2 protein chains.
Amino acid sequence: MKHLLSQIKIEVNDKLYLKDPESTDLGRRIIQHSILLIDRMGFEQFTFKKLGKEINSNESSVYRYFENKHKLLLYLTSWYWAWKEYQLVFSTANIVDASAKLQKAMQVLTRQVEKDAVISHIDEVVLSRIVVNEFSKSYLTKEVDRENKEGFFAVHHRLVLRLREMILEVRSDYPYPSSLASTILEGSLHQFFLKEHFPSLTECSETILPSDYFTHMVLNVLNLKNNG
Amino acid sequence: MKHLLSQIKIEVNDKLYLKDPESTDLGRRIIQHSILLIDRMGFEQFTFKKLGKEINSNESSVYRYFENKHKLLLYLTSWYWAWKEYQLVFSTANIVDASAKLQKAMQVLTRQVEKDAVISHIDEVVLSRIVVNEFSKSYLTKEVDRENKEGFFAVHHRLVLRLREMILEVRSDYPYPSSLASTILEGSLHQFFLKEHFPSLTECSETILPSDYFTHMVLNVLNLKNNG
DNA sequence: TTATATTTGAAAGTTTTACTATTAATTTGC
DNA sequence: GCAAATTAATAGTAAAACTTTCAAATATAA
């Protein structure tokens with residue numbers, strides 16, 4: 001995986017940036033350090049001025065790459081979901097059994113991101129924390145419908161629909177495949193959050209994983225026996 | 001319900017306000033119109049200055065009731081969850097069968113709020129939209145652990161734990177009662193959001209309700225047959 | 001290699017937000 | 001009817017969220 005991924009460029013909607021941050025050294029530093037800064041101080045406290053300082057550059061230079069910090073967040077989360085989509089497609093590619101495939105997909109989508117990471121300047125472990133803590137804020141806005149029309153959430157939607165298809169391959173008569181798929185994706189982020197901050201609201205811990213919980217759920221809801 | 005509720009004062013953590021907004025006419029106008037304004041313009045665009053203008057009062061007067069808009073949001077969402085808790089306790093009080101009780105609880109917690117509403121100055125339908133769109137923002141912050149220690153999320157936690165207990169009454173050996181309870185509460189907000197903004201990611205619609213989806217899920221996960 | 005174009009950095013300016021402080025007017029409680 | 005409390009109005013501050021200008025550095029093309 002390591003080698004393969006380092007060759008591949010994760011693509012996100014090009015309306016999310018003014019200038020492709022992957023195209024320059026400054027751009028890559030913006031991405032790299034925005035991830036670290038947002039993780040450290042939270043999205044609300046994060047500003048382009050602070051980021052400019054952090055990378056020994058300038059606020060105005062950051063504004064040449066991204067219109068505002070909201071677009072930057074959309075860029076980062078889109079990148080994350082595109083990366084997950086790549087993993088999903090790759091790791092389920094040769095599985096023929098629909099149930100085994102679905103279970104593999106769920107494991108890929110709900111597992112904790114580990115730090116054997118992969119792509120040069122992006123720390124995927126830190127980015128995954130940002131997704132847990134900030135992803136909701138990217139769509140819980142008054143602009144969501146307009147931005148959705150522009151395709152800003154397309155990668156994430158594609159992922160949900162891929163999972164939905166795998167659910168239907170296993171049980172074509174299951175009545176809520178989209179809802180179940182979206183619950184798994186959003187719900188696993190939520191369970192990771194609860195584990196860190198509201199541990200009394202989840203069984204998830206160091207030993208019990210969101211994957212275990214959701215796998216159990218899906219096996220029962222789709223009336224399967226474990227064959228992963 | 002109407003009559004009963006109008007007698008009862010919903011109580012929230014008193015550290016959330018500087019002066020009890022239920023104690024004065026101005027306070028009640030602040031609550032009433034903050035709900036309408038946040039719904040209209042979204043939490044990010046909402047300010048105390050705009051609210052002051054809206055109620056023919058002043059920014060500085062609003063600040064005498066609430067430290068900042070984050071505390072106001074915590075107040076509003078706590079109020080909502082306390083109201084839901086009241087409904088939950090009331091409507092499950094005399095049900096003896098554990099399974100029927102759980103199903104009733106789920107229905108109360110995941111149903112759409114209807115406009116036969118109840119408490120004088122608070123529009124519960126609009127407030128429920130705010131909860132769908134803004135509740136996550138109240139805890140996805142860097143201050144969450146400190147605020148949790150202060151009990152700012154206590155009402156919501158209590159609700160999750162009540163649901164958890166009902167799940168365990170039905171299936172004491174179900175391994176993920178807290179996670180399932182938190183998934184139902186958070187997940188139903190999410191399904192309402194998807195229905196409005198990302199309809200391709202959910203089956204929920206005018207005819208299919210989040211209640212239907214989650215009821216089906218819980219019946220299967222807990223291996224029950226429908227007896228609600 | 002020099003001229004030209006592009007990118008970046010530094011600084012200053014604008015508007016809005018998120019407050020705080022002061023004081024005057026109004027309301028309320030006794 | 002007077003004192004105390006509350007509210008409204010105004011002004012002020014610091015920081016956020018940008019925009020503009022310009023000069024310096026760097027890349028590129030002739």
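Everything numeric in this text was worked out from a predicted model, so none of it was measured. Just the heavy atoms: all of them, side chains too, but no hydrogens, waters or symmetry mates, feed the values below. Labels below follow one simple rule: chain letters A, B, ... track the order of the sequence lines, proteins then strands, and each chain is numbered from 1.
At a non-hydrogen distance threshold of 4.0 Å, nothing from residues 15-36 of chain B comes into contact with DNA chain C. Within residues 60-67 of chain A, the residues approaching DNA chain C are A:Ser60, A:Ser61, A:Arg64, A:Tyr65, by heavy-atom distance under 4.0 Å.
Not counting sequence neighbours, B:Phe43 has no partner by the ring-ring contact (aromatic ring centres under 6.0 Å, His included) test. In this structure, the side-chain contact (heavy atoms from CB on, under 4.5 Å) partners of A:Arg164, at least two apart in sequence or on a different chain, are A:Leu161, A:Leu168, A:Pro177, A:Ser178, A:Ala181, B:Glu203. Considering only residues two or more places apart in sequence or on other chains, B:Glu134 meets the salt bridge (Lys or Arg N to Asp or Glu O under 4.0 Å) condition with B:Lys137. The ring-ring contact (aromatic ring centres under 6.0 Å, His included) check on A:Phe66 picks up A:Tyr75, with sequence neighbours excluded. Scored by the ring-ring contact (aromatic ring centres under 6.0 Å, His included) test, B:His190 finds no partners at all (sequence neighbours excluded). With sequence neighbours excluded, no residue forms a salt bridge (Lys or Arg N to Asp or Glu O under 4.0 Å) with A:Asp212. Annotation: ring-ring contact (aromatic ring centres under 6.0 Å, His included) contacts of B:His197 (sequence neighbours excluded): B:Phe193. Partners of A:Gln45 according to the side-chain hydrogen bond (donor to acceptor under 3.5 Å, both in side chains) rule, which considers only residues two or more places apart in sequence or in another chain, do not exist here.
Whole-Å rounding puts the A:Asn56 CG to D:dA25 P distance at 16 Å. Look at CG on B:Leu51: it is 15 Å from C1' on C:dT17, rounded to the nearest Å. Taking atom CZ of residue A:Phe46 and atom P of nucleotide D:dA16, one finds them 12 Å apart after rounding to whole Å. When rounded to the nearest whole Å, the span between CG of B:Asn58 and C1' of D:dT6 equals 13 Å. Between B:Glu59 atom CD and C:dA21 atom C1' there is a gap of 12 Å when expressed in whole angstrom units. A:Asn68 places its CG atom 13 Å from the C1' atom of D:dA16, with the value rounded to the nearest Å. With rounding to whole Å, A:Ile55 atom CD1 is found 14 Å from C:dT7 atom C1'. One atom, CZ of B:Phe48, and another, P of C:dA21, lie 17 Å apart when rounded to the nearest Å.
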For B:Tyr213 and B:Thr202, what are the C-alpha separation, side-chain angles and deciding distance, and is it a side-chain hydrogen bond (donor to acceptor under 3.5 Å, both in side chains)?
CA-CA 10 Å; B:Tyr213 162 58; B:Thr202 182; over 6 Å; no
Find every protein N or O atom lying less than 3.5 Å from an N or O atom of nucleotides 24-27 of chain C, and list the pairs.
none

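The residue B:Lys53 sits apart from the nucleic acid: no heavy atom pair falls under 4.0 Å. Across all strands shown, A:Lys49 has no heavy atoms under 4.0 Å from either base or sugar-phosphate atoms.
Atom OG of B:Ser188 is separated from atom CG of B:Leu185 by 6.0 Å, given to the nearest 0.5 angstrom.
Pairs of residues two or more places apart, or lying in two chains, that qualify as side-chain hydrogen bond (donor to acceptor under 3.5 Å, both in side chains) and include a residue from residues 46-57 of chain B are B:Arg40-B:Glu54.
Regarding contacts with the backbone of D:dA8, a side-chain N or O of B:Ser57 is found under 4.0 angstrom from either OP1 or OP2.
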